[in-house]
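In what follows, chains are A, B, ... by sequence order, proteins preceding strands, each numbered from 1.
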Amino acid sequence: MERKEALRKGKSLIGKDLRTLADELGITVFREGKKNKGWAGHVIERYLGLPLNSAQSPNFGSWELKLVSLKYLKTGELTVKETMAITMIDAYNVLNTPFEESHLLQKLKKMLIFARIWEGKNEPRSILYGVYEFDLTNKELYEQIKKDYELVRKTIKEKGFNALTGKIGVYIQPRTKGTGHGSTTRAFYARKNLLKKIIFGK
DNA sequence: CTATGATCATCC
DNA sequence: GGATGATCATAG
């Protein structure tokens, strides 16, 4: 499926409750009291007729599916609930790859962001809010992301991979991520301020 | 066991 | 409420 087509079909889902769709499509949201964290993504994939694929980059070919949770503040304002994982950091790869050719940039160019409204850990319902493309034609975003990438490279080079922390970066941060239990892997995450720009245009 | 996607837990 | 680090589910 082409990216454009996926975007168009995705948009036709806006306003729908992904929870009821999950039931209709036979997607498991909870299993033995535990949440299947990938359920919302699975619903979208199934709806679009895509294979449930967890493999790395070859995702769906010309584009990638990402999900972001939104939530309402007490003031009633809608905001981004969480940062978004983009891709794993490979120290060697990052050190030897300029931003223009980085895995990070390739991912950003391809991704389609599906924003859903999160209402609680028990997922009473979840409305699809919108579908977005990552706008890298926006100079300000592009340049700042590039700076963040360069900062990560510099940090690895001067202080080592383990010096990377989630505190680094303005739009993109290198955050620990792994199976836990002492894992030291890191991944690029999109910070909330960046997601807000893309989703709410501010 | 590890990679990946995404969310949870905790600290401020 | 927001940020950072840790964990969970699943596939290979």
Relative to the ring of Y142(A), is the ring of F99(A) parallel (under 30°), tilted (30 to 60°) or perpendicular (over 60°)? perpendicular

Tell me whether the OP1 or OP2 atom of dA3(C) has a side-chain N or O from T83(A) closer than 4.0 Å. no

I'd like to know if E150(A) and K147(A) make a salt bridge, using a cut-off of under 4.0 Å between side-chain N and carboxylate O. no

Contact under 4.0 Å: K167(A) side-chain N or O vs dC12(B) OP1/OP2: no

Atom OH of Y171(A) to atom P of dA3(C): distance rounded to whole Å? 13 Å

Quick note, K66(A) side chain, CB onward, closest among dT4(C), dG2(C), dG5(B) is dG5(B)

When you compare the side chain of Y149(A) with that of L104(A), does any pair of heavy atoms fall below 4.5 Å? yes

Face-on cation placement of R191(A) at Y171(A) ring, 6.0 Å and 45° thresholds: no

Is the phosphate of dG1(C) approached by K71(A) (side-chain N or O, under 4.0 Å from OP1 or OP2)? no

Short side-chain N/O contact to dT4(C) OP1/OP2 from Q173(A), under 4.0 Å: yes

Can you find a side chain N or O atom of R116(A) that sits less than 4.0 Å from OP1 or OP2 on dT7(B)? yes

Heavy atoms only, 4.0 Å cut-off, all strands: where does S69(A) land among base, sugar-phosphate and nothing? sugar-phosphate

Any salt bridge between E100(A) and K146(A), counting N to O under 4.0 Å? yes

Please pick, from dA3(C), dG1(C), dA6(B), the nucleotide with the shortest atom-to-atom distance to any side-chain atom of K74(A). dG1(C)

What is the distance from NZ of K196(A) to P of dG2(C), rounded to the nearest Å? 6 Å

Pairwise 5' ranking along DNA chain B for I86(A) and E82(A), keeping only the more 5' one: I86(A)

Would you indicate which nucleotide in dC8(B), dG2(C), dG5(C) comes nearest to any side-chain atom of T176(A)? dG5(C)

In whole Å, what is the span from the CG atom of L194(A) to the P atom of dG2(C)? 16 Å

Nearest to the side chain of T79(A), heavy atoms from C-beta on, is which of dG5(B), dA6(B), dG2(C)? dG2(C)

At a heavy-atom distance below 4.0 Å, what parts of residues 124-134 of chain A sit against DNA chain C? none

Between C1' on dG5(C) and CE on M84(A), what's the gap in Å once rounded to a whole number? 19 Å

Within this structure, what is the OH-to-C1' distance between Y189(A) and dA3(B), rounded to whole angstrom? 12 Å

Between P on dA6(B) and CD on E123(A), what's the gap in Å once rounded to a whole number? 13 Å

Face-on cation placement of K81(A) at W118(A) ring, 6.0 Å and 45° thresholds: yes

Give the rounded distance in Å between these two atoms: CZ of F188(A) and C1' of dA3(B). 16 Å

Just by distance, no angles: are the side chains of R116(A) and S126(A) close enough, under 3.5 Å, to form a donor-acceptor pair? yes

Send over the distance from R191(A) CZ to dA6(B) P, rounded to a whole Å. 19 Å

With the side chain defined as heavy atoms from C-beta on, K81(A) is closest, among dG2(C), dT7(B), dT4(B), to dT7(B)

Using the ring of F161(A) (Phe, Tyr or Trp, six-membered ring only), decide whether R186(A) places NZ or CZ under 6.0 Å from its centre and within 45 degrees of its axis. yes

Given dG5(C), dT4(B), dA6(C), identify the nucleotide with an atom nearest to the side chain of K177(A). dT4(B)

